[in-house]
Amino acid sequence: MDPVTFFVVLTSIYGVLYFFDRFFKSCMHYPYDTFLKNTGLTVNFMSLHWHTNAFNRMLLRWGSAGNSCTRNFLVTSFNVGVLLTFSVLPIGIILLIITIFSGGEADTSTPYAASVPVQLEILLPGVNLPLEEIGYYITTLVLCLLVHEMGHAMAAVLEDVPVTGFGIKFFYCLPMAYTELSHDHLNSLRWFKKLRVLCAGIWHNFLFAGICYLLISTVGITMSPFFVYNEHVIVTELTRKSPLRGERGLRVDNLITQVNGCPVTSEESWHACLYSAMKKRVGYCVSADFIQLNDESSAISHHSVDGQLQCCDELNPNVSCFEVVEDVNGDVPVELPQHVCLNVRRTLEDVTEHCTSGLCSEGFCLRPLMRNITAIMTFKRQNLNGEKLPPVIYVGHPWDVTRTVDVSAFVPRYRFLSAAWPDAWFLLLKYNVVFSIGLALVNAIPCFGFDGAHITSTVIHSFLVGKVDQRAKRDLISVIITSVGSLLFGLALLKVAWLSFLRPLI
């Protein structure tokens, strides 16, 4: 969804909810107040809060059920979570420092850099997220937060710490979840048992990331009854201004099998073939008879702007100058001139094969003389029934294809299915992996409001008791360490805000 549309819709929803909340509180105070108390909802300006204790009994029953083997397995699992949390703590701090001091220079290496959509930088260096997919981010963040808080609740039940409730808050589009525990019972636990509860959320995020990664790895198998995966790509959308629209252009549900002879079997190979079309100037094997019958050469000159050699009428967009490529022995056919002017479409339709070194089994190797940002691309395609369609020939920059044509590696086996469904599922799984790992790393950092602050306090009060007798001094040490972590996190957030929102506006 377009980010502007998303924010307008979200603001409208908040506005409607806030209006009716004020209205019902003034006109139907008692029944509306009863409704809010029963549902646990609270509506504020641009924020929502939901709190419930409906899962408390379920957790108590779950904690008292099961045999000793199940309990021992879970305890061992949470022990691993404690060790993993302390292992990733330095990684999280290093990532924060890298985020703060990395260059963050904009990529201006391509002529289309200015048209790249706004991307959301996150605290994982090298991972940038397009802002158009913000709906996926919010959904993923809610799932990761729920898994995180469920980890705390499960560990608390195992240690006989009462769970008094759950809640989730939305501050505009930012979700935050929490688990209410009995602090007296939690603080009365021995230090390692307390760490099990505090580190359980981080451990569950890593487990959730692993499960999602497993689903990603097996998506070809799980989707195989309904979709063919990674054999060809299917066109799912063409933008309104796409240069590949038209009667002879690409259409939705076309299966693309080759680009300039490069086989397309997945989204990765699709982008690789387009990149190859830009970097690697392929030649075409054309018969001598065709060249002699269709040559429209004019006097050879150089283009007035970039000095490009030109042997065709510049006012005719359907023709291009082709260079006869020497073979590996340096021989050039004497019956042909060095440069010929041919109609691009008719020439490519007569091509028997592609060539790179000048050798052709039939005919002669011709290479088009194009400007640096232009390439000739031939898209071989077929329909959903496997029937071959006429190839699409496009002269332009491969970046225009990348940004105006959306493809999917999921080809439906049945016409009533849409490739958008597995694409959305696949994208959601990928974001769950990234966000789960990111949330785990951030929560391990000693920062106010995060698990890392409570973990730091627990470790200091457990291991410095013999060296620092006064509790106030131990609290001070904990606050200093947490303040440093909070400062690093705050600087990283400022850097992210600058790269994602402020710099694109300047």
Engineer: Is there a donor-acceptor pair closer than 3.5 Å between any side-chain N or O of Lys495 and the backbone N or O of Ile100?
Structural biologist: yes

Engineer: Side chain of Thr139, backbone of Tyr136: donor and acceptor closer than 3.5 Å?
Structural biologist: no

Engineer: Salt bridge check: are Glu237 and Arg251 linked by an N-O gap of less than 4.0 Å?
Structural biologist: no

Engineer: Just by distance, no angles: are the side chains of Tyr172 and Thr11 close enough, under 3.5 Å, to form a donor-acceptor pair?
Structural biologist: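 Yes.
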
Engineer: Is the ring pair Phe227/Phe410 parallel, tilted or perpendicular, if the boundaries are 30 and 60 degrees?
Structural biologist: perpendicular

Engineer: Does the pair Cys311/Cys341 show an SG-SG distance of less than 2.5 angstrom?
Structural biologist: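 No - the two cysteines, Cys311 and Cys341, have SG atoms at least 2.5 Å from each other.
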
Engineer: Determine yes or no for a side-chain-to-main-chain donor-acceptor pair under 3.5 angstrom, with Asn343 supplying the side chain and Arg346 the backbone.
Structural biologist: yes

Engineer: What heavy-atom pair brings Leu369 and Ser320 nearest, and what distance separates the two atoms?
Structural biologist: O-OG, 4.2 Å

Engineer: When rounded to the nearest 0.5 angstrom, what is the spacing between SG in Cys144 and CG in Leu439?
Structural biologist: 6.5 Å

Engineer: So, does Thr236 use its side chain to make a donor-acceptor pair with the main chain of Ser408 at under 3.5 Å?
Structural biologist: no

Engineer: Is Leu441 close to Ile91 at the side-chain level, that is, under 4.5 Å between some pair of heavy atoms?
Structural biologist: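 Touching, per the 4.5 Å side-chain cut-off.
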
Engineer: Considering non-hydrogen atoms only, spot the tightest contact between His232 and Val411 and give its length.
Structural biologist: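 Where His232 meets Val411 most closely, the heavy atoms are O-CG2, 3.9 Å.
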
Engineer: Is it the case that the side chain of Asn260 and the backbone of Ile376 share a donor-acceptor pair, with hydrogens and angles ignored and the cut-off at 3.5 Å?
Structural biologist: yes

Engineer: Between atom CD of Gln258 and atom CE of Met377, what is the distance when rounded to the nearest 0.5 Å?
Structural biologist: 15.5 Å

Engineer: Evaluate Val324 against Ile291 for side-chain contact (heavy atoms from CB on, under 4.5 Å), listing each step before the verdict.
Structural biologist: CA-CA 11 Å; Val324 180; Ile291 296 173; 5.8 Å; no

Engineer: If every non-hydrogen atom of Ile437 is compared with every non-hydrogen atom of Ala209, which pair is closest and at what distance?
Structural biologist: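 Nearest heavy atoms, Ile437 then Ala209: CG1-CB, 3.9 Å.
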
Engineer: With no hydrogens and no angle check, is any side-chain donor or acceptor of Ser269 less than 3.5 Å from a backbone partner on Ser266?
Structural biologist: yes

Engineer: Please confirm whether Phe45 and Tyr14 have ring centers closer than 6.0 angstrom.
Structural biologist: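 No - the distance between ring centres of Phe45 and Tyr14 does not fall below the 6.0 Å cut-off.
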
Engineer: What distance do Thr347 atom OG1 and Asn318 atom CG have between them, rounded to the nearest 0.5 Å?
Structural biologist: 11.0 Å

Engineer: Look at the SG atom of Cys360 and the SG atom of Cys365, then say if they are under 2.5 Å from each other.
Structural biologist: no

Engineer: Do any N or O atoms from the side chain of Arg381 and from the backbone of Pro390 form a donor-acceptor pair under 3.5 angstrom?
Structural biologist: yes

Engineer: Could you tell me if the side chain of Leu488 sits less than 4.5 Å from the side chain of Ile445, heavy atoms only?
Structural biologist: no

Engineer: Using the rule side chain to side chain contact (heavy atoms under 4.5 Å, CB included), only one of Leu41, Val43, Val16 pairs with Asp21; which is it?
Structural biologist: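 Answer after filtering Leu41, Val43, Val16: Val43.
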
Engineer: Could you tell me whether a side-chain N or O of Thr140 sits under 3.5 Å from a main-chain N or O of Tyr137, the two making a donor and an acceptor?
Structural biologist: no

Engineer: Under the side-chain contact (heavy atoms from CB on, under 4.5 Å) rule, what do Ile256 and Leu250 come out as? Steps first, then yes or no, please.
Structural biologist: CA-CA 9 Å; Ile256 301 176; Leu250 293 175; 4.1 Å; yes

Engineer: Determine, using ring centers only, whether Phe379 and Tyr394 are less than 6.0 Å apart.
Structural biologist: no

Engineer: Taking all heavy atoms of Cys273 and all of Val259, pick out the closest pair and write down the distance.
Structural biologist: CB-CB, 4.0 Å

Engineer: Rounded at 0.5 Å granularity, tell me how far CZ in Phe171 sits from CE in Met46.
Structural biologist: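 Phe171 CZ to Met46 CE: 14.0 Å, rounded to 0.5 Å.
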
Engineer: Does the Ser276 side chain pair with the main chain of Ala272, one donor and one acceptor, at a distance under 3.5 Å?
Structural biologist: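 Not confirmed, Ser276 side chain does not pair with Ala272 backbone.
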
Engineer: Working to the nearest 0.5 Å, report the span between CD1 of Ile455 and SG of Cys199.
Structural biologist: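 Rounded to the nearest 0.5 Å, the CD1-SG separation comes to 3.5 Å.
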
Engineer: Are any of the side-chain heavy atoms of Tyr229 and Met223 separated by less than 4.5 Å?
Structural biologist: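 When only atoms from C-beta onward are counted, Met223 and Tyr229 do not touch, as no gap falls below 4.5 Å.
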
Engineer: Measure from the side-chain N and O atoms of Asn385 to the backbone N and O of Glu387, and report whether any donor-acceptor pair falls under 3.5 Å.
Structural biologist: no

Engineer: Taking the side chain as everything from C-beta on, heavy atoms only, tell me whether Asn432 gets closer than 4.5 Å to Leu143.
Structural biologist: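 Counting from C-beta outward, Asn432 and Leu143 do come under 4.5 Å.
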
Engineer: Quick check: Tyr284 with His354 (ring centres under 6.0 Å apart)?
Structural biologist: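 His354 vs Tyr284: aromatic centres under 6.0 Å.
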
Engineer: Can you confirm whether the side chains of Thr265 and Asn230 place a donor and an acceptor under 3.5 Å from each other?
Structural biologist: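 Distance-only check fails for Thr265 and Asn230.
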
Engineer: Please tell me whether Cys285 and Cys355 are bridged, where bridged means their SG atoms are separated by under 2.5 Å.
Structural biologist: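 Cystine link not detected, SG atoms outside the 2.5 Å cut.
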
Engineer: For the CZ atom on Arg248, are there more than 12 heavy atoms of other groups (residues, nucleotides or ligands in this structure) within a distance under 6.0 Å?
Structural biologist: no

Engineer: May I ask you to test the Met176-Val142 pair for a side-chain heavy-atom distance under 4.5 Å?
Structural biologist: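 Counting from C-beta outward, Met176 and Val142 never come under 4.5 Å.
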
Engineer: Determine the minimum heavy-atom distance between Arg403 and Thr239, stating which atoms define it.
Structural biologist: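 Of all heavy-atom pairs spanning Arg403 and Thr239, the closest is O-CG2, 4.2 Å.
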
Engineer: Run the side-chain contact (heavy atoms from CB on, under 4.5 Å) test on Trp50 and Phe166 for me, step by step, so that the C-alpha distance in whole Å, both residues' side-chain angles and the decisive distance to 0.1 Å come before the verdict.
Structural biologist: CA-CA 8 Å; Trp50 178 66; Phe166 296 90; 5.9 Å; no

Engineer: Within the structure provided, determine whether Ile234 and Asn254 are in side-chain contact (heavy-atom separation under 4.5 Å).
Structural biologist: no

Engineer: Taking CZ in Phe448 as the centre, count heavy atoms belonging to other residues, nucleotides or ligands within less than 6.0 Å. Is the count above 12?
Structural biologist: yes

Engineer: Is there side-chain contact between Leu342 and Val319, with heavy atoms separated by less than 4.5 Å?
Structural biologist: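 Of all side-chain heavy-atom pairs linking Val319 with Leu342, none is under 4.5 Å.
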
Engineer: Crowded around Leu293 CG? As in, over 12 foreign heavy atoms under 6.0 Å?
Structural biologist: yes

Engineer: Check the side chains of Glu353 and Ser361 for a donor-acceptor pair under 3.5 angstrom, ignoring hydrogens and angles.
Structural biologist: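 The answer is yes; a qualifying pair exists.
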
Engineer: Nearest 0.5 Å, please: how far is NZ in Lys169 from CG in Asn44?
Structural biologist: 9.5 Å

Engineer: Which residue pairs pass the side-chain hydrogen bond (donor to acceptor under 3.5 Å, both in side chains) test with at least one member in residues 199-216, sequence neighbours excluded?
Structural biologist: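 Non-adjacent pairs meeting side-chain hydrogen bond (donor to acceptor under 3.5 Å, both in side chains): Ser77-Trp203, His148-Asn205.
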
Engineer: Looking at every non-hydrogen atom in both residues, tell me the closest pair between Cys447 and Ala453 and how far apart they are.
Structural biologist: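 Looking at all heavy atoms of both residues, the shortest contact is O-CB, 3.3 Å.
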
Engineer: Set out, in order, the CA-CA distance, both residues' side-chain angles and the distance that settles side-chain contact (heavy atoms from CB on, under 4.5 Å) for Leu389 and Asn383, then state yes or no.
Structural biologist: CA-CA 7 Å; Leu389 299 174; Asn383 58 23; 4.3 Å; yes

Engineer: Would you say Trp425 has more than 12 foreign heavy atoms packed within less than 6.0 Å of its CH2?
Structural biologist: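 Incorrect, the count does not exceed 12.
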
Engineer: Is the CZ atom of Phe86 crowded by more than 12 outside heavy atoms at less than 6.0 Å?
Structural biologist: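 Yes, the 6.0 Å shell around CZ holds more than 12 heavy atoms from other groups.
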
Engineer: Decide yes or no for Leu366 and Phe290: does some side-chain heavy atom of the first lie under 4.5 Å from some side-chain heavy atom of the second?
Structural biologist: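 No, their side chains stay 4.5 Å or more apart.
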
Engineer: Under a 3.5 Å threshold, yes or no: a donor from one side chain and an acceptor from the other, between Ser242 and Thr404?
Structural biologist: yes

